[in-house]
Amino acid sequence: MKLVLPPLNALRAFEAAGRLGSFKEAAAELHVTHGAVSQQVRLLEAWLGAALFERHNRRVALTPAARAYLDKVGPLLDQLSLATARYGVTETVARTLSVNASATFTLRWLVPRLAVFRAAHPDVEVNVETSNAPLESLKDGYDVIIRGGPDTFYGYSTRSFLVEERAPVCSPALLQRLPLGSPGDLRQHTLLHTSSLPRLWPDWLASAQMPALIPAATLTFDHFYLTLQAAIDGIGIAMGPIALVADDLAAGRLVEPFATPRLPSRSYCTYVPDDKSGDELVGRFCTWLEHEGMAPRGATR
């Protein structure tokens, strides 16, 4: 008979949330974030093709079918743990590191480098949630929050790890079609904007002594990573965060048509809650970020 087994991590999250009646309490028991539990439950619901919980404000309630499922799953997980212990394997709970960072930073800088950290720490699970929300509006539970800075927040320690600058970037194929000899040639091009960062192009053009320049066209996106992808695809020219596109520049997916000017920008910083400041794993992660931030641009390892 072919075994049909659901994802084990999702099953553990479901069992804890169902038994405790709370995603928050399940997250505390499993040493993960509330979002991680919610994500695993959604994964199991998608795998089963049925809803498992009814949401009631801050509490959750099992559906009747899910209650019957839990009555079977709970004892089976206990039996699995006991059977494993009989072979002399002690229970080890993997440490979980909860990180919150912006989507663009996560996609273009953190994710390509995470394999290095995970290879050095195979017993650590890194949960990354993306958000552009101000630090003070985030819920508790994160070990490390990555935002621009350095800023000072009560209850957090701050460390800078990556210097940032802004400059125009575009596809090399675009330059072959429409060369750029000077900033004035931008009149022939489409300038790519991000709605949340409306001052990037005006500030750069002013710095380049071309404040009144009118381009051939403009195109605006609601997320920075979409703007950068449009530049890679040759749609236009974006104001690129140099640290975040360093890998693309090194690989030739993007080029920087002008050596100057570059606009200074806020550095990327880690914000660690005071109650996590003595955590050895959190310290190692922040030190690793600093090491990666000092590496030569484009040196993804």
Side-chain angles (χ1 to χ4, degrees), residues 101-110 130-137 146-152 158 160-269 271 293 297-298:
S102 72
T104 300
F105 172 84
T106 301
L107 179 66
R108 305 209 66 84
W109 195 91
L110 183 58
T130 61
S131 170
N132 292 321
L135 181 145
E136 58 268 29
S137 70
I146 298 173
R147 290 292 188 275
D151 293 325
T152 300
T158 307
S160 299
F161 67 90
L162 184 64
V163 176
E164 186 59 282
E165 296 174 300
R166 312 275 184 168
V169 293
C170 61
S171 161
L174 181 62
L175 286 189
Q176 290 180 359
R177 298 195 306 270
L178 290 171
L180 281 170
S182 69
D185 293 332
L186 290 169
R187 294 186 181 91
Q188 307 172 54
H189 286 267
T190 297
L191 301 189
L192 305 175
H193 295 259
T194 306
S195 58
S196 60
L197 299 164
R199 292 299 312 168
L200 286 184
W201 269 115
D203 289 349
W204 187 88
L205 288 170
S207 182
Q209 308 301 315
M210 302 291 296
L213 183 139
I214 299 176
T218 61
L219 188 59
T220 302
F221 296 89
D222 59 345
H223 292 293
F224 206 0
Y225 57 82
L226 297 177
T227 307
L228 297 176
Q229 187 59 50
I232 292 172
D233 292 340
I235 294 172
I237 303 174
M239 281 296 300
I242 298 302
L244 302 194
V245 299
D247 296 337
D248 300 292
L249 292 168
R253 292 184 292 270
L254 288 173
V255 294
E256 190 178 353
F258 309 115
T260 58
R262 281 185 175 182
L263 294 179
S265 184
R266 287 158 61 81
S267 298
Y268 292 97
C269 301
Y271 296 88
R297 295 292 171 89

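Here the structure is a predicted model, which means the values were calculated and not measured.
Judged as a side-chain hydrogen bond (donor to acceptor under 3.5 Å, both in side chains), and not counting sequence neighbours, Arg187 has no contacts. Shown here are the side-chain hydrogen bond (donor to acceptor under 3.5 Å, both in side chains) partners of Thr106, two or more places apart in sequence or in another chain: there are none.
Of the inter-residue distances, the one linking Leu263 atom CG with Leu200 atom CG reads 7.5 Å to the nearest 0.5 angstrom. Separation of atoms OG (Ser265) and CG (Leu197) is listed at 8.5 Å; rounding is to 0.5 Å. Atom CD1 in Ile232 sits 4.0 Å away from atom CG in Asp248 (nearest 0.5 Å). Summarising the geometry, atom CH2 belonging to Trp109 is positioned 5.5 Å from atom CG belonging to Leu162; distances are rounded to the nearest 0.5 Å. Atoms OG and CD1, from Ser131 and Ile146 in turn, are 12.5 Å apart once rounded to the nearest 0.5 Å. Here the OG atom belonging to Ser207 is positioned 14.5 Å from the CZ atom belonging to Arg166, to the nearest 0.5 angstrom.
A donor-acceptor distance shorter than 3.5 angstrom exists from the side chain of Glu164 to the backbone of Ile242, with no hydrogens or angles considered. Between the side chain of Arg147 and the backbone N or O of Ala133 there is at least one donor-acceptor pair closer than 3.5 Å. A donor-acceptor distance shorter than 3.5 angstrom exists from the side chain of Arg177 to the backbone of Gly234, with no hydrogens or angles considered. Judged purely by atom type and a 3.5 angstrom limit, Thr104 uses its side chain to pair as donor or acceptor with the backbone of Tyr225. Under a 3.5 Å cut-off, the side chain of Thr158 and the backbone N or O of Asp151 do form a donor-acceptor pair.
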Given the rule in the side-chain contact (heavy atoms from CB on, under 4.5 Å) test, do Met239 and Leu191 qualify, once you have shown the distances and angles that lead to the verdict?
CA-CA 9 Å; Met239 281 296 300; Leu191 301 189; over 6 Å; no
Take Leu228 and Arg108, measure what side-chain contact (heavy atoms from CB on, under 4.5 Å) needs, and give me the verdict at the end.
CA-CA 10 Å; Leu228 297 176; Arg108 305 209 66 84; 3.2 Å; yes
Step by step, would you call Leu180 with His189 a side-chain contact (heavy atoms from CB on, under 4.5 Å)?
CA-CA 9 Å; Leu180 281 170; His189 286 267; 3.6 Å; yes
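Among Thr227, Leu226, Val169, the single residue meeting the side chain to side chain contact (heavy atoms under 4.5 Å, CB included) criterion with Leu192 is Thr227.
Taking 4.5 Å as the limit, some side-chain heavy atom of Pro241 sits within range of a side-chain heavy atom of Phe224. A heavy-atom distance below 4.5 Å is found between the side chains of Thr220 and Ser195. Put simply, the side chain of Pro183 does not reach to within 4.5 Å of the side chain of Leu213, judged on heavy atoms.
Aromatic ring pairs are classed by plane angle as parallel below 30°, tilted from 30° to 60° and perpendicular above 60°; the pair Trp201 and Trp204 is perpendicular.
Pairing each heavy atom of Ser182 with each of Phe258, the nearest pair is C-CE2, 3.4 Å. Nearest approach of Ile237 to Cys170, heavy atoms of both residues: CG1-CB, 3.8 Å. Contact record, Leu175 with Pro257: CD1-CB, 4.3 Å, taken as the closest heavy-atom pair.
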